[in-house]
Q: 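Below you will find the structure I want to go over with you.
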Amino acid sequence: MSDERKVMKVLGGESVFPPPIWLMRQAGRYLPEYREVRKKAGGFLDLCYTPKLAMEVTLQPIRRYGFDAAILFSDILVIPDALKRDVRFEEGRGPLMAPIDAAGIARLDGKNMLNHLEPVMETVSLLRGTLPTETTLLGFCGAPWTVATYMIAGHGTPDQAPARLFAYREPEAFDALLQLLADLSADYLCAQIEAGADAVQIFDSWAGVLGETEFERYSIGPTRSIIEQVKKRHPKARIIAFAKGAGTLLSTYREKVGADAIGLDWSVPLDFGRTLQQQGAVQGNLDPMRVVAGGKALDEGVDAILDKLGGGPLIFNLGHGITPQADPEHVTQLVNRVRTASQ
Ligand code: CP3
C-alpha cells in the first residue's frame, strides 16, 4: 500500500483508482472481537467514554481489513448526553432519552459540553498517535436535524413524526434547538480536529423524511452553519456531509452546504451520482444488504459503482451503516473486489 492518504486526496478533489474504501459503522456488532470488548465495557456510553477501549474497537476493522480510513468510535448522541438528556442504550431497543419540549429547549446549557466529551478527544489523539500515517482518521457528529429527532421523541421512530410535528407546532423553539446543536457540533468537530482528526463526517441519517422546504431549513441550513464555523477556524478542514434519503435534493445540498464530499445512500441512481460528482467528491453507495448477501450480489453491486463512479473522485463506502448480520468474510470479499479492480 502506498503511504499517501488516499482519502485526503479524494477529499481534495483528485480521482484515485482503485478508490479508497471504509465503511460506515465499520466498528460494530458484526465483528466478534467488537462483541467481546462490548461485553467487557458495561454500557455502550462507557465504551464511548473509555479511551483505551474506544481506541481498541476503532482499530479492530483496520487490523482486519486495512481500510483507508478509521472512524472514531463514539456516537452522535453524545451531544444530548453532554446536555444532560439522560441518554441510555438498551439492548434491542436502541437509544432512549428524556423527550424534550419547548421549555426544556430554553433551559439547555451547552457550556460544559467539551468538558464532558474530553475522553472522546483523548481517544482521537491516542488514535492519531497509533494509526499508520496512510490511514485517515475521521471524526464525526450528527447533523442537528437527526440529533433533534431523538431529543424530541426520546427514542428512535420509523418516520420521525414527533420531530416533524414539533417543528410545525413550535417553529421558534425548534429553530433555537437546531441553532444550539449546530454551534455545539461545530465546537465539537473543531475539538476533534485539534485532537488529531484528519477529516470529519456529518451524519444526517433522517434527512429523507423531510419535505422540500423543511429540508432547506432543517437539514441544509444547520449543516451549512456547522461547516462555515469549522472552516472559519480550520480553513483546511475536510468535511463529508451525508444526508440519507435526500434524493434529488442532493443537488441543492451539494451546492449549498459547502462540504468537500457528499455521501450517497444506495437509493441514489448512479447516473445522478455521476452528475453530482462533476461538482466534487462523492462517497458511497453500496446497499448494506449486498454485504449480508455476499456472492454475486456483492460483486455486481461493487462493479456497478466502480463502473459509473470510479472515473471521478470517489470514496468507496456503503449507502448506510453495515448491519450486525453481515458476515465478516463478505467484507473481505468486498475489500478485495474494490482493491483488485482495474479501470
Ligand atoms: O464504526 C463507526 O461507524 C463508528 C461509530 C458510530 C456508532 N454510531 C457506533 C454505534 C457512528 C459513526 C455512529 C453514528 C450514529 N449513531 C448515527 C448516524 C449514522 C447512522 O447509522 O444512521 C445514528 C443515527 C446513531 C444513533 C444510534 N446509535 C442508534 C439509532 C443506535 C441503535 C441502533 C443500533 O444500531 O443498535 C446506536 C447505537 C450504536 N452506535 C451501536 C454502535 C456500534 C450499537 C450499539 C451496541 O454496540 O450495543
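Atoms within a ligand are numbered from 1 in the order they appear, just like the ligands themselves. The model shown is predicted, which means the values in this text are computed figures rather than measured ones.
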Q: Are W206 and ligand 1 in contact, using a heavy-atom cut-off of under 4.0 Å?
A: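 Not so, W206 does not reach ligand 1.
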Q: With distance as the sole criterion, is a donor-acceptor pair present between the side chains of Q283 and W22 under 3.5 Å?
A: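 Checked: Q283/W22 side chains pair up, N/O donor to acceptor below 3.5 Å.
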Q: For D175 and Q179, which I'm curious about, is there any donor-acceptor pair between the side chains at under 3.5 Å?
A: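 No, Q179 and D175 have no side-chain donor paired with an acceptor closer than 3.5 Å.
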Q: My understanding is that we take every heavy atom of each candidate and find the minimum distance to atom 9 (C) of ligand 1. Doing that for S74, G28, G92, P324, which one comes out nearest?
A: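 That would be S74.
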Q: Identify the protein heavy atom lying closest to atom 13 (C) of ligand 1, giving its residue, its atom name and the separation to 0.1 Å.
A: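 Nearest protein contact, heavy atoms only, for atom 13 (C) of ligand 1 is R25 NE, 3.5 Å.
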Q: Of E91, R29, R93, E90, which has the heavy atom at the shortest distance from atom 33 (C) of ligand 1?
A: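 Closest candidate by heavy-atom distance is R29.
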Q: May I ask you to identify the nearest protein heavy atom to atom 46 (C) of ligand 1, giving residue, atom name and distance to one decimal place in Å?
A: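 Looking at atom 46 (C) of ligand 1, the protein heavy atom closest to it is R38 NE, 3.2 Å.
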Q: For ligand 1, which part of K244 has a heavy atom less than 4.0 Å away: the side chain, the backbone, both, or neither?
A: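 Within the 4.0 Å criterion, K244 makes no contact with ligand 1.
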Q: For atom 11 (C) of ligand 1, what is the closest protein heavy atom, and at what distance to 0.1 Å?
A: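 Sorting protein heavy atoms by distance from atom 11 (C) of ligand 1 puts F140 CZ, 3.6 Å first.
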Q: Give the residue and atom name of whichever protein heavy atom lies nearest to atom 31 (C) of ligand 1, and the separation in Å to one decimal.
A: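 Ranked first by proximity to atom 31 (C) of ligand 1 is P95 CD, 3.8 Å.
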Q: Which of the listed options, F44, Y30, W22, Y34, holds the heavy atom that is closest to atom 47 (O) of ligand 1?
A: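 When every heavy atom of F44, Y30, W22, Y34 is considered, Y34 comes closest to atom 47 (O) of ligand 1.
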Q: Could you report the tightest heavy-atom contact between L137 and G196, atom names first, then the distance?
A: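 That would be CD2-O, 3.9 Å.
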Q: Hey, does Y150 come in under 3.5 Å of ligand 1, counting only N/O atoms on both sides?
A: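 N/O-N/O distance below 3.5 Å does not exist for this pair.
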Q: For atom 1 (O) of ligand 1, what is the nearest protein heavy atom, given as residue, atom name and distance?
A: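 That would be A27 N, 3.0 Å.
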Q: Between D327 and Q333, do the side chains contain a donor N or O and an acceptor N or O under 3.5 Å apart?
A: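 There is no such pair between these side chains.
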Q: Ignoring hydrogens, what is the shortest heavy-atom contact between C190 and H234? Give both atom names and the distance.
A: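 Shortest heavy-atom contact: SG-CD2, 3.7 Å.
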Q: Give a yes-or-no answer on whether the side chains of E216 and T213 include a donor-acceptor pair shorter than 3.5 Å.
A: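 Distance-only check fails for E216 and T213.
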Q: Can you check which of I322, L23, I76 brings a heavy atom nearest to atom 23 (C) of ligand 1?
A: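 The residue whose heavy atom sits nearest atom 23 (C) of ligand 1 is I76.
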Q: So if I count the atoms of ligand 1 from 1 in the order they appear, which ones are less than 4.0 Å from some heavy atom of F89?
A: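 Reading through ligand 1 atom by atom, the close ones are 28 (N), 37 (C), 38 (C).
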Q: Considering distance alone, does some N or O of L77 sit under 3.5 Å from an N or O of ligand 1?
A: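 So ligand 1 has no N or O lying under 3.5 Å from an N or O of L77.
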Q: Using distance alone, determine whether T146 and ligand 1 share an N or O pair under 3.5 Å.
A: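 So ligand 1 has no N or O lying under 3.5 Å from an N or O of T146.
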Q: Would L47 count as a contact residue for ligand 1, given that I'm defining contact as a non-hydrogen atom of the residue lying under 4.0 Å from a ligand atom?
A: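 The answer is no, since L47 has no heavy atom less than 4.0 Å from ligand 1.
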Q: Starting from atom 20 (C) of ligand 1, what is the nearest protein heavy atom, named by residue and atom, and what distance separates them?
A: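 Heavy-atom neighbour on the protein nearest atom 20 (C) of ligand 1: H320 NE2, 3.1 Å.
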Q: Based purely on interatomic distance, does S205 place a nitrogen or oxygen under 3.5 Å from a nitrogen or oxygen of ligand 1?
A: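 Among all N and O atoms of S205, at least one is under 3.5 Å from an N or O of ligand 1.
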Q: Around atom 4 (C) of ligand 1, find the nearest protein heavy atom and jot down its residue, atom name and distance.
A: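 Looking at atom 4 (C) of ligand 1, the protein heavy atom closest to it is L72 O, 3.5 Å.
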Q: Not counting sequence neighbours, which residues clear side chain to side chain donor-acceptor pair (under 3.5 Å) with Y30? List them please.
A: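 Here no residue qualifies.
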Q: Can a donor-acceptor pair be found between the side chains of D81 and Y49 at a distance below 3.5 Å?
A: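 There is such a pair (donor and acceptor under 3.5 Å, judged by atom type) between the side chains of D81 and Y49.
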Q: How close do M113 and A82 get, heavy atom to heavy atom, and via which atoms?
A: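 Looking at all heavy atoms of both residues, the closest pair is CG-CB, 3.8 Å.
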Q: Which residues pass the salt bridge (charged side-chain N to carboxylate O under 4.0 Å, His left out) test with D198, not counting sequence neighbours?
A: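 For D198, the residues satisfying salt bridge (charged side-chain N to carboxylate O under 4.0 Å, His left out) (neighbours in sequence not counted) are R5, R128.
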Q: List the closest protein heavy-atom neighbour of atom 40 (N) of ligand 1: residue, atom name, distance to the nearest 0.1 Å.
A: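 Here the nearest protein heavy atom works out to D75 OD1, 2.8 Å.
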Q: Cut-off 3.5 Å, side chains only: do S251 and E255 have a donor facing an acceptor?
A: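 Absent: no donor and acceptor within the cut-off.
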Q: To the nearest 0.5 Å, what is the distance between OH on Y34 and CD on Q60?
A: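 With rounding to 0.5 Å, OH (Y34) is 9.0 Å from CD (Q60).
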